[in-house]
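The first residue in the sequence is number 1, and the count goes up from there. The structure presented is a predicted model; accordingly, all values stated were derived computationally and were not measured.
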Amino acid sequence: MFKHLCQVLLLNKLTEKAKPLCYVDTHSAAGLYDLGTDMANKTAEYSDGIDKLLQRSGQYPEITDYLALISQFRDKDLYPGSPAIAAHLLREQDKLILMELHNNEVENLRANMGRDPRVAIHHRDGFEGTLAIAPPEPKRGMVLIDPPYEQAREYQDVVNFIQKLHKKWPVGVVALWYPLLAEKRNKAPAMLDALAKVQPASLFIAECWVKPQPQELGMYGSGMAFINLPWQVDQQIEQLLPILTSLLGQTGAGYRTEWLIEPA
């Protein structure tokens, strides 16, 4: 939800101008999810997550746009992934480029998103594919990066990819999601340090955790790193973080934001 809230803030800001834009998703997955399936209801994580927020709809203007969007899907027992959120917020003149490598997931993505004339779906590695089309046309826009982080090397892969992408598409907004893991396994700090050493135009991070950091295993929160973050979106993110932790957090929940590289 934190990732999608940030995505909504970014796209709302980018669509304030009439000029067309391009949205790129490096790891699109299925794009849309059915919450009525047995698999979804096995854990029913949504009941402690999005459904909690929807119950407070209208009380917090900082998350109103996100909840209004989600409720349209939730009424149909669906939850939108980042591609569906982007498609909902973007306009007729905008483009969506969706990358997905997994064979089954790309077929689900095509079924869910393929009928939209604004959408181009690429069955390929998201990093390789995004670099191949960068800079996209139009050049104005953003890329959302959300890899699985199943292997340790993926953290360095992210840094290498962003370094190359920023050189090819220096005006593009970059939004990177990453997990917060137990300290012994948490590779995010080293990744962010390496990313800062690449010296992008700017680098803002925001992290949110809903429970205390575990000693050994498990994800306790997540973070977002941004390059070329549009004006005032950092303030909007800072306003929504205490709302998220108060509504969803346990004892020990918290958040932080920091400009690792301030814009010129």
Side-chain angles (χ1 to χ4, degrees), residues 1-7 10 23-31 33 45 81-83 85-86 97-109 121-134 136 142-169 172-210 213-229 256 258 260-261:
M1 287 183 292
F2 177 44
K3 175 184 69 176
H4 291 157
L5 277 159
C6 291
Q7 180 191 13
L10 281 169
Y23 169 87
V24 183
D25 205 317
T26 63
H27 296 76
S28 297
Y33 305 95
E45 291 179 348
S82 50
I85 289 174
I97 300 176
L98 308 178
M99 307 281 180
E100 178 52 48
L101 181 61
H102 192 279
N103 291 335
N104 292 336
E105 286 289 69
V106 77
E107 290 305 317
N108 293 330
L109 182 65
I121 296 174
H122 295 243
H123 183 193
R124 64 201 298 185
D125 175 82
F127 292 164
E128 174 274 326
T130 302
L131 289 174
I133 58 96
M142 67 167 285
V143 57
L144 180 65
I145 307 165
D146 180 16
Y149 297 102
E150 292 173 346
Q151 300 178 17
R153 63 170 177 77
E154 289 181 85
Y155 291 88
Q156 186 59 48
D157 289 345
V158 164
V159 175
N160 295 341
F161 165 68
I162 291 177
Q163 182 178 19
K164 294 174 183 176
L165 178 66
H166 191 51
K167 287 181 178 179
K168 296 190 70 175
W169 191 17
V173 177
V174 175
L176 167 69
W177 178 90
Y178 57 89
L180 297 178
L181 303 172
E183 187 172 358
K184 292 180 181 179
R185 300 178 60 238
N186 192 14
K187 299 185 181 300
M191 178 185 71
L192 296 173
D193 287 345
L195 194 54
K197 289 176 182 176
V198 170
Q199 289 293 308
S202 61
L203 183 58
F204 178 77
I205 63 166
E207 297 179 347
C208 177
W209 54 94
V210 295
Q213 182 180 143
Q215 294 297 313
E216 297 296 334
L217 299 173
M219 187 175 81
Y220 66 98
S222 64
M224 295 289 296
F226 304 93
I227 294 171
N228 292 329
L229 188 67
R256 78 179 189 103
E258 183 180 358
L260 298 182
I261 300 176

Any side-chain donor-acceptor pair under 3.5 Å between [X] and [Y]?
X	Y	answer
Gln7	Tyr23	yes
Asn108	Glu105	yes
Gln156	Asn160	yes

Among [options], find the one that has a side chain to side chain contact (heavy atoms under 4.5 Å, CB included) with [X].
X	options	result
Leu176	Asp146, Ile162, Val159, Leu203	Ile162
Phe204	Leu229, Ile227, Leu260	Leu229
Met99	Ile121, Val143, Asp25, Ile133	Ile133

Separation between [atom1] of [X] and [atom2] of [Y], rounded to the nearest 0.5 Å:
X	Y	atom1	atom2	answer
Leu98	Thr26	CG	OG1	10.5 Å
Gln213	Tyr220	CD	OH	4.0 Å
Glu207	Leu180	CD	CG	4.5 Å
His27	Asp125	NE2	CG	6.5 Å
Ser82	Leu144	OG	CG	5.0 Å
Ile261	Lys197	CD1	NZ	11.5 Å

Using every non-hydrogen atom in the two residues, find where [X] and [Y] come nearest and quote the distance to one decimal.
X	Y	answer
Glu154	Pro147	OE1-CB, 4.0 Å
Ala188	Pro179	CB-O, 4.0 Å
Tyr149	Tyr178	OH-CB, 3.7 Å
Val198	Gln163	CG1-CG, 3.5 Å
Phe2	Ala206	CE2-O, 3.5 Å
Ala134	Leu165	CB-CD1, 3.7 Å

Using a cut-off of 6.0 Å, state whether more than 12 heavy atoms not belonging to Lys168 lie near its atom NZ.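 It does: Lys168 NZ has more than 12 such atoms within range.
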Do the non-hydrogen side-chain atoms of Val174 and Asn228 ever get within less than 4.5 Å of each other? no
Do Phe226 and Cys6 come within less than 4.5 Å of each other through their side chains, counting heavy atoms only?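 Yes, their side chains come closer than 4.5 Å.
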Applying ring pair (Phe, Tyr, Trp, His ring centres under 6.0 Å), name anything that partners Tyr33, two or more places apart in sequence or on another chain.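 Scan of Tyr33 (ring pair (Phe, Tyr, Trp, His ring centres under 6.0 Å), adjacent residues dropped) gives none.
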Checking side chain to side chain contact (heavy atoms under 4.5 Å, CB included) for the pair His122/Val106: CA distance, chi angles, key distance, verdict? CA-CA 8 Å; His122 295 243; Val106 77; over 6 Å; no
Under 3.5 Å, is there a donor-acceptor pair between the side chain of [X] and the main chain of [Y]?
X	Y	result
Glu100	His123	no
His102	Asn104	yes
Lys187	Ala152	no

Aromatic ring pairing Phe161/Phe127, orientation class (parallel under 30°, perpendicular over 60°, tilted between):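 Answer is parallel, since the angle falls under 30°.
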Contacts of Asp193 that satisfy side-chain hydrogen bond (donor to acceptor under 3.5 Å, both in side chains) - sequence neighbours left out: none
